[in-house]
Each structure stands twice: as C-alpha cells, then as structure tokens.
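Structure record follows, encoded as structure tokens.
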Amino acid sequence: MTDRRKRARGRRARRWRGPLLLVGLLAAIALGAPWIAPYSPDVPPTYATQLHLPPSAAHPFGTDSFGRDVLSRVIHGSRVSLSLSVAAVSLALLLGTAYGALAGLIGGTVDRLLMRMLDVALAMPRLLLLLAVAAFFPTRLPLTAFILLLGCTGWFEVARLVRGEVQALMHRDFMLAARSLGVPRVRQLWRHLLPHLFPILAVTATLNVAGTITLEAGLSFLGLGVQPPTPSWGNIMLDGADALFANWWLTVFPGLAIMLAVLTCHALGDALRDLFAMDQLPA
Amino acid sequence: MARRVLTRLFHTVLVVWTAASVAFLLLHWAPGDPISAMADASRVPPAQRAVWRAQQGFDQPLAVQYGRWLGQVARADFGFSTSQQRPTRDVLASRLPNTLLLMGLALLTSIAAGAALGAWQGARVGSVGDRVLSSLMLVLYAVPEFWVALLLLLLFTYYLPILPATGMVDAVFHDQMGPWEQLQDRAAHLVLPWLSLTLMGTAVFARVQRAAMRDQWREPFVRTAFAKGLTDTTVRRQVWRTALLPVVTMAGLFLPAVLTGAVFVERIFGWPGIGSALLQAIALRDYALVSACVVLGSAMTTIGSLFADLAGAWLDPRMRTT
Amino acid sequence: MIPGSTPSPATLSPADTPPVLRVEQLRVTFPTADGDARAVDGVSFEVYNGETVCVVGESGCGKSVTALSLLHLVPSPGVIAADSRITIAGQELLRLPDRELRALRGRVVSMIFQEPMTALNPVLTIGDQVAEVVRVHTGATKRAAWQQAVTMLADVGIADAAARAQQYPHELSGGMRQRVMIAMALILQPRLVIADEPTTALDVTIQAQILELLRARRDATGLALLLITHDLGVVAEMASRVLVMYAGEIVEAAPVEALFANPSHPYTQGLLAAVPRLDRLTKRLQTVPGTVPAATDWPTGCRFQDRCASVFDRCRTEPPTLRTIETGHAVRCHLVDEPHRRRNAVTEGAA
C-alpha cells in the first residue's frame with residue numbers, strides 16, 4: 001500500500017477514537033448501572049427531609065420529589081432510554097427494510113402503490129400519531145407496547161430510504177447479471193442487496209436512535225411515555241416541571257444526559273459515514 | 001406545473017382522509033365505548049346511555065358510522081369538546097390562529113437565520129468561523145426542544161426575570177393597557193416560545209444551507225462566473241440562488257417537526273394553541289378534540305409542504321418541467 | 001525570445017509586434033498531504049495575434065492548470081510561484097489588483113470551458129448569462145445588453161436566438177450550450193481566447209461544427225486562440241503552432257506542419273504513432289507504455305525517462321532544457337545532442 005494510503009487510513013482510524021469512546025462510555029454506564037449508581041433508583045434513601053435537595057456531595061444531582069437520588073435515576077434512566085430506543089429503532093429498521101426492499105424489488109405498479117401509501121404515512125406528524133394512540137387507551141401504555149408503538153411509527157423514513165437505494169442498486173450491472181442468471185428474487189435480496197444496504201442502514205440507525213431518545217424523553221415528559229417509578233430522562237424532568245423554579249437540577253441534568261446521548265449518536269453516524277465514504281446521505 | 005399542483009392537492013386530500021380514518025379507527029377500537037368515556041358516564045343510567053348512543057349513531061353498523069364521520073370531517077365538525085365545553089369548531093377557531101402565529105413566525109425566522117448562517121459558512125468551509133458555527137449548530141440540533149424551552153423559562157423568568165412565563169397576554173392587565181402597551185405585552189409573551197422553536201429550526205436550516213452552498217461552490221459554473229469578470233459578491237449571490245432549493249425543500253419537510261415542537265412549547269409556556277388543547281384533551285379523554293387536532297395537524301403540515309413544493313418550483317427553473 | 005515561440009508565417013501579425021500573451025517560467029504548486037505537487041513546472045511560451053496555439057498532452061500534464069493560470073483562476077490551494085510572469089496585452093496579470101484583473105477577464109482574455117453541461121448557471125436564462133458579460137464590462141443598459149446577447153447568440157449559430165435566449169441551460173443540448181459558452185467568451189471581442197478542451201464532451205459531428213465556429217470567429221476578428229486538447233485531429237485542423245506538454249513542462253514546441261512532419265521528442269512521436277490510421281494495416285495499436293509520474297515526485301533528470309525507448313544514462317541524471325532545433329521548433333531532449341542514441345519505439349505490424 002502506498003504511503004499516502006496508509007496515512008489516509010491512519011487519519012480515518014483516529015477519527016473513530018472519539019465516537020467509539022463515547023459510545024463505549026454510554027454503553028458502560030447503561031450496562032453497569034446497578035453497580036455504578038450510588039443509590040438505588042427506586043427506594044428513597046431514608047427520610048422525608050431528603051425531598052428536593054439541591055446538588056451536594058452526597059447527592060451530586062440532588063434529589064427528587066420522593067427523595068430519590070437523581071444521579072442514580074439518571075444512570076438507570078440511561079438503561080431505560082437507551083435500550084428502549086435501540087429496540088424501537090431495530091424494529092423500525094426491520095419493518096422499513098422489508099417494506100422498502102419489497103417495493104424496490106417488485107417494482108412497477110406495486111412499487112408505485114406502496115410508495116404512494118408511504119407518502120401519506122410520511123405526511124402525518126409522528127408525534128400526533130403517538131399522542132392519538134396514547135389518548136385512546138384508558139390506561140397508560142406498558143413498556144413493550146410503547147416500544148412497539150415507537151417502532152411501528154418510525155419505519156416510514158427507513159422504508160423510503162431503502163426503497164430508493166434498492167431502486168438504484170437494481171440498475172447496477174451486478175444486479176442485472178444476477179437477474180439474467182436466474183437468481184430467485186429472495187436470494188437476490190439476501191445475498192446481493194442487503195450487504196449493499198448495510199452502510200446506509202447503519203448510519204440511519206444512529207440518527208434514528210438519536211431521534212427516538214429525544215422523542216421518548218419528550219413523551220415521558222408529557223406523562224405519556226415511560227411511567228414512574230421506572231426512571232427515564234423524560235419523566236425525571238416531568239417531576240421537576242411542577243416546581244420548575246425551585247428544582248432546577250431535575251431539569252438540567254437529565255437534559256444534559258439526553259444531549260450527550262444524542263451527540264454521541266451523531267458522532268457515531270458521522271464516523272460511519274466517513275468509514276463508508278458516503279457524502280450524499282441526508283444529514 | 002398545473003399537473004404537479006393537482007397531484008399535490010390530491011395527496012393532501014389523501015392525507016386528511018387517512019388521518020380522519022386513523023382517528024375513527026382509534027375511536028372505535030380503543031377499549032371502551034366513546035360514550036362510556038364521557039364524564040359521569042357511570043352515573044348515567046343505561047337507558048339514557050342507549051338513547052345517547054342512538055342519537056350519536058353509535059348503534060349503526062360501522063360502515064355507516066364511518067360515512068357519517070367522513071362527512072363531519074369534511075364539514076370540519078368534530079363534535080362537542082368535553083374538555084373545553086364548547087363545539088370543537090369553536091375551540092379550533094379560537095386556538096388555531098395562536099398556533100399558526102407561533103409556528104409561522106418561528107419557521108420564517110428559522111429559515112432566514114439558518115439560510116444566512118449556512119450561506120456564510122458554506123462560502124468559507126473549513127475556516128475557523130465555519131467550524132465554530134458548525135459545532136454550535138450541532139449542539140442546538142442535538143438538544144431536545146422542550147429542554148431548551150424549560151431552560152429559557154428558568155433563565156429569563158426566574159433567574160433574570162425580564163419576561164413573562166406563561167400565556168399569550170397578561171392575564172390581568174392586558175385589557176386595560178393602551179394599544180402600544182398591548183403590543184409590547186403580546187411581544188413579550190411571544191419571545192420565549194418563539195425563541196425555543198427558532199433555535200432548533202435555525203440549526204436544521206443552517207446545516208442544510210451550508211451543505212448546499214458548499215456543494216454549489218464546487219460546481220463548474222462558479223469558475224465560469226469568475227472568468228467573466230464578475231465580482232466576488234455577485235458570484236456569491238448567484239451561487240446562493242442555486243443553493244436555495246434544498247432549503248425550501250427542507251422547509252416542507254420540517255413542518256411536522258415545528259408542529260411537534262409547538263406542542264411541547266405550548267404546554268411549557270401555557271400558550272393557548274391547539275397543541276396545548278390537544279394535551280388537555282388527552283388528559284380528559286376528550287376524543288372529539290383529539291381527533292380534531294390530529295386531522296387538523298396532518299392537514300396543516302401537508303398543505304404547508306405543498307406550498308414549499310410550489311415555492312421550490314418557482315425558485316428553480318429545473319423543477320418546473322419535471 | 002522564448003524557444004519555440006516564433007509565430008508561424010501563416011499568422012497575420014508581423015514578427016516584431018508584441019505578443020498578446022507571454023508566459024515566463026510559470027510554476028504552479030499544489031500542497032498535498034504527500035508533499036507539494038508541482039503541476040506546472042517552468043512553462044514559458046508566447047502567443048501572437050491571429051495565431052492558434054494548441055497545447056497537447058495527456059491528463060495530468062498540467063495543461064488545464066496552465067490555462068486557468070492565464071485568468072488567475074487557479075483553484076486554491078494551488079499557488080502560482082512569485083517569479084512567474086504572465087503578460088496579457090501588455091499588462092502583468094499576476095501583479096494586477098483585483099479590479100483591473102476583473103476588467104481583463106471576459107473583456108481582454110476569456111475562456112471556454114470543457115463541460116458545457118455544468119459550466120452554465122442553471123437558474124439564469126442563457127440570454128441573461130451572455131448579457132451579463134456586456135453589462136459588467138460596459139455601461140450598457142439591460143435592454144441594450146440583452147440585444148447584443150441575442151445578436152451574438154445568433155452569430156454563433158443558434159437558431160431563433162431571441163426565443164432561445166429566454167431558455168435555461170437544461171433546456172438546451174450540449175452542442176448548443178457550448179455555443180452559448182462561445183458567445184459569452186467572444187461577445188466583447190477579446191484579444192485572447194483560451195479554449196480548454198471545448199469539444200471533448202461533445203459528439204463528433206457537433207465537434208466539427210464547434211471547431212468550424214471557432215475558426216470562423218478567429219478569422220473574422222483576428223483574435224489569438226489558445227486551444228487545449230488531447231486530440232491530435234483537432235490540432236491538425238486548427239493549430240498554427242503546437243506546444244506538447246508532459247509532466248508539467250513543455251517538451252516540444254513547433255509549427256503544426258513541422259510537428260507532424262518531424263516530431264523530435266519521443267513522447268510526441270509516441271502520441272502521433274498512437275493515433276489509429278485507416279490507411280495502413282497494423283496488427284496492434286501503438287501505445288506509449290507506462291504512466292505519468294506523480295506530480296509530487298518528479299524523477300531526477302528527464303521526466304519521460306521511464307517511458308522512453310531511447311533512454312540513456314544522461315537522461316537519468318540531468319534534466320534536459322528546451323532547445324531550438326530549427327526555426328520555431330524546440331525540443332526538450334538529450335537526443336538533440338546525441339541523435340545516434342535514438343531508438344525507434346514505433347514498431348509497425350504488417351505495413
């Protein structure tokens with residue numbers, strides 16, 4: 001390999017250090033929550049006098065309206081928020097890829113019909129859909145239902161992206177060759193198309209996780225997402241909203257956590273984009 | 001061109017129809033009868049409930065109810081709002097303008113500020129100024145909108161009490177103010193909600209504009225322009241014109257996000273718009289209003305993106321023949 | 001007098017009028033991650049009124065960068081060396097302040113670019129783009145400029161010019177777009193026109209038309225034309241003089257007849273031999289083996305050494321200089337001193 005290429009590779013590798021470090025850190029916090037958190041997130045430490053304490057040495061992020069340590073709740077909240085978002089996005093990717101690849105592969109009128117329907121689905125604001133569903137259920141949604149809901153409303157954009165990619169790929173020579181050799185369509189999809197879809201899916205995944213984290217936090221903040229006592233960054237902020245001015249720590253710290261998580265996802269997405277050398281992806 | 005408009009109009013109708021249908025489905029599939037969700041339902045004798053059902057047509061076959069529902073939607077009549085205790089039409093009529101004011105203003109300023117910043121950045125990609133702004137925009141983009149709203153609330157109404165915290169106008173004194181003071185009062189109440197929405201929007205548009213500008217600077221026609229002897233400023237302006245299209249496209253795509261933001265912002269600042277009405281309706285199980293807001297919200301965003309599409313065609317001659 | 005720069009007898013201007021263009025020791029460097037790339041390394045030549053000078057060479061030899069330098073449009077991070085001099089119509093281009101530089105562009109010296117598809121602004125009408133040149137350099141009103149533009153568009157062979165002028169570039173074919181570029185470049189009757197591969201992106205038939213158009217305008221106005229190309233057919237058609245570039249340097253300069261009759265530099269010989277001929281049967285097409293060395297790493301000695309059939313030891317240590325071998329014909333090659341070392345790289349198949 002020429003010197004030039006080796007150096008370019010080295011530069012690219014170094015750009016990865018930051019994002020990977022952040023991702024590792026977040027994952028470590030989320031996974032290691034039970035051991036890292038100084039207190040249990042559910043059971044208040046001791047007395048009622050510990051309600052609404054501002055940050056101190058004992059409670060770096062203060063306490064909430066039940067006297068629970070906010071730092072521990074934020075740490076445990078990372079588990080909830082992150083795993084929830086990853087699960088929802090995985091579902092969305094699955095559904096979206098299936099729909100988009102189907103449309104792209106079959107082509108013709110079916111494709112046009114599917115895309116028309118998708119256009120309509122895309123036109124509806126996602127939050128409205130989520131709020132509508134949340135409204136019509138008498139009790140609050142259990143966690144699994146929430147994840148399913150997020151996943152089922154999040155796949156539209158993925159489908160559009162995938163279908164576009166598949167369409168483009170179908171015209172490439174290697175696909176024409178596969179078709180002319182009589183390769184059955186399923187195998188075309190599996191062996192030929194999916195590997196090419198991987199880069200775009202990976203980058204979309206990071207962006208979607210970022211978006212889902214924010215969306216989940218927002219819904220929890222409105223009281224319609226993750227229900228207390230399960231800690232989520234959003235519902236910690238909801239707790240603080242009642243007496244916002246008095247308990248700034250309940251608003252500031254979870255928000256910082258969200259910001260950190262979202263920035264990490266974006267950094268990872270950028271690094272992936274660099275790795276796969278794509279500059280035409282939507283930002 | 002006319003064909004394009006017609007297709008988009010048809011698309012709008014489809015979207016509104018879908019939103020209405022979704023609302024209908026949810027209404028009828030959700031556990032419990034809409035009637036039984038009404039306040040005091042348990043105290044209402046079953047006989048009375050049956051009468052109401054018949055009145056509302058809930059004893060008819062589903063298809064018939066669906067037809068009636070679509071008819072109502074077409075007339076923009078979603079029924080009686082139990083959370084607001086008046087017809088939904090009145091609620092929408094009084095609240096929609098407030099939301100439109102907030103969203104419209106925020107969108108316009110986001111586009112203006114974002115396009116200005118992005119164009120500035122795009123013409124000097126890689127410079128210090130560009131890098132600083134890019135980081136700033138990234139942070140603004142990553143930050144949750146409702147958090148920004150909360151922080152602004154904390155900052156400017158509590159720690160630095162210069163702006164009012166809630167509402168559109170001063171609840172107590174507004175009517176007694178002179179016209180100039182009334183204007184100031186309205187403006188003061190508008191600042192924080194508007195700012196919360198604009199910050200995020202600016203980041204989005206700045207990013208899009210920057211990328212578009214950077215790409216257009218690399219195009220060969222820029223070299224031709226310089227070879228003709230045009231000044232730097234003239235060329236910059238010409239490049240910017242070709243880089244506007246992605247921004248307009250983005251404006252159309254960004255509407256749902258503005259609406260989403262508006263819901264949160266209205267709640268946090270007590271802004272009397274359809275977003276806060278929707279949240280109240282959800283809490284009080286006012287299905288009529290919820291349906292109304294869902295359909296209306298979808299219609300708004302679709303019509304908005306139609307306008308964005310048309311604006312794009314006007315701006316870029318290449319779009320006119322497609 | 002710069003070697004190889006004698007205007008050929010076929011041109012109109014007497015030998016003692018000053019050249020429209022004089023380039024002296026042009027050096028353009030691009031800093032890259034692997035060191036400085038000397039894309040143009042000491043190029044000197046002159047162009048006189050009425051001449052058509054063709055610059056030939058393969059991709060990467062520096063001909064496009066040379067052309068851009070003549071308008072001071074080298075894209076950053078490229079840098080023109082401080083001791084390079086470019087004189088156009090008596091003015092020293094590289095020392096001019098911005099305002100005078102802009103006054104020159106489009107009016108005294110103009111350029112026709114390679115890719116008509118993308119070289120025009122997509123959101124402005126072609127009439128506006130041509131009229132703009134007039135408006136910027138003269139004080140003409142919008143209407144007057146538009147009129148001139150329409151007239152010019154008609155002159156370059158666009159039918160129904162008044163209607164076409166209101167169209168956008170994407171509504172025109174490639175050949176028409178190139179005509180628009182030519183109109184833009186010629187409307188103010190510049191003294192020097194630089195055409196960078198103006199026909200490469202076009203069909204052969206359109207190519208012929210565009211060349212004919214250029215030739216007609218040249219004959220009508222006496223402008224000097226610097227035509228960059230890699231196509232020897234174009235050279236044969238259009239040139240009065242030819243400059244052959246290789247690896248950032250001029251390796252041979254000659255009047256066109258002399259170049260085709262008596263190519264001296266092995267590279268020129270290779271180029272000429274590589275053109276497939278219909279009147280002779282050959283078993284294989286001739287090529288010049290090897291590739292151009294990287295611009296960051298010019299070899300010591302002659303830059304053509306690794307591809308030359310006649311290479312000998314002096315070539316590897318001492319870079320040859322440009323030397324005149326007959327009137328107006330200069331070569332950069334050690335074979336000038338040692339012609340017995342010349343080995344024929346051109347092997348024909350069955351003749």
Side-chain angles (χ1 to χ4, degrees), chain A residues 116-117 119-139 157 210-211 213-219 221-224 233-234 237-238 240-241 244-248 250-252 254-267 270 279-280 282-283, chain B residues 11-12 14-15 17-19 22-23 26-27 29-32 37 138-139 141-148 150-151 153-154 157-159 165 204 207-208 211 215 253 255-261 263-264 267-268 278-279 281-283 285-287 290-291 293-295 297-298 300-302 305:
Chain A
R116 281 269 173 274
M117 286 169 27
D119 276 338
V120 174
L122 276 167
M124 301 200 34
R126 192 174 173 194
L127 183 73
L128 285 189
L129 270 178
L130 292 168
L131 288 178
V133 174
F136 286 99
F137 280 87
T139 54
E157 190 58 48
I213 292 176
T214 315
L215 188 60
E216 175 271 314
L219 284 170
F221 173 73
L222 293 175
L224 298 167
W233 292 330
M237 289 170 67
L238 174 60
L244 175 67
F245 301 141
N247 309 311
W248 61 268
L250 287 173
T251 305
V252 170
L256 281 175
I258 299 174
M259 195 172 88
L260 181 66
V262 169
L263 282 175
T264 306
C265 290
H266 278 285
D270 278 342
D279 4 60
Q280 293 94 2
Chain B
H11 182 250
T12 309
L14 265 180
V15 170
W17 172 66
T18 310
V22 167
L26 287 174
L27 221 119
W29 278 356
L138 183 62
V139 169
Y141 184 74
V143 151
E145 228 163 3
F146 64 94
W147 190 55
V148 171
L150 288 170
L151 288 180
L153 190 62
L154 259 181
T157 60
Y158 183 66
Y159 290 113
V204 168
R207 279 163 66 119
V208 170
D215 290 340
L253 296 171
L255 285 168
V258 183
L259 186 58
T260 306
V263 170
F264 287 104
R267 160 73 109 100
I268 291 172
L278 175 60
L279 292 175
I282 293 175
R285 308 223 161 268
D286 178 0
Y287 296 132
V290 171
S291 314
C293 291
V294 168
V295 173
S298 309
M300 271 168 61
T301 51
T302 319
S305 80

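Numbered from 1 within each chain, the chains take letters A, B, ... in sequence-line order. Keep in mind it's a predicted model, so treat the numbers as computed, not measured. In what follows, every heavy atom counts, from backbone to side chain, and hydrogens, waters and symmetry copies are set aside.
If you measure heavy-atom distances from B:Leu14 to chain A, the contacts under 4.5 Å come from both the backbone and the side chain. Looking at B:Leu153, both its backbone and its side chain come within 4.5 Å of chain A, counting heavy atoms on both sides. Looking at B:Val148, neither its backbone nor its side chain comes within 4.5 Å of chain A, counting heavy atoms on both sides.
Ranked by non-hydrogen atom pairs under 4.5 Å with chain B, the options A:Ala132, A:Ala121, A:Ala210, A:Gly218 are led by A:Gly218. Counting heavy-atom pairs closer than 4.5 Å to chain B, the top-ranked of the candidates A:Leu129, A:Ile213, A:Leu215, A:Leu222 is A:Leu222. In terms of non-hydrogen atom pairs under 4.5 Å with chain A, the most contact-rich of B:Thr18, B:Leu151, B:Leu154 is B:Leu154.
Counting heavy atoms from C-beta outward, B:Leu279 and A:Leu131 have side chains that approach closer than 4.5 Å. Residues A:Leu256 and B:Trp147 meet the side-chain proximity criterion, which asks for heavy atoms closer than 4.5 Å.
Of all heavy-atom pairs between B:Ser298 and A:Met124, the closest is OG-CE, 3.6 Å. The two residues A:Ala123 and B:Thr301 have their closest heavy-atom pair at O-OG1, 3.4 Å. Shown here for B:Val294 and A:Leu128, the closest heavy-atom pair between the two residues is O-CD1, 3.8 Å. In this structure, A:Pro125 and B:Gly297 approach most closely via the heavy-atom pair CG-O, 4.3 Å. Closest approach of B:Pro144 to A:Ile258, counting heavy atoms only: CG-CG2, 3.4 Å.
Under the 30°/60° scheme for interplanar angles, the aromatic rings of B:Phe146 and A:Phe221 are found to lie parallel.
The side chain to side chain contact (heavy atoms under 4.5 Å, CB included) test with A:Val120 is passed by exactly one of B:Thr302, B:Thr12, B:Val15: B:Val15.
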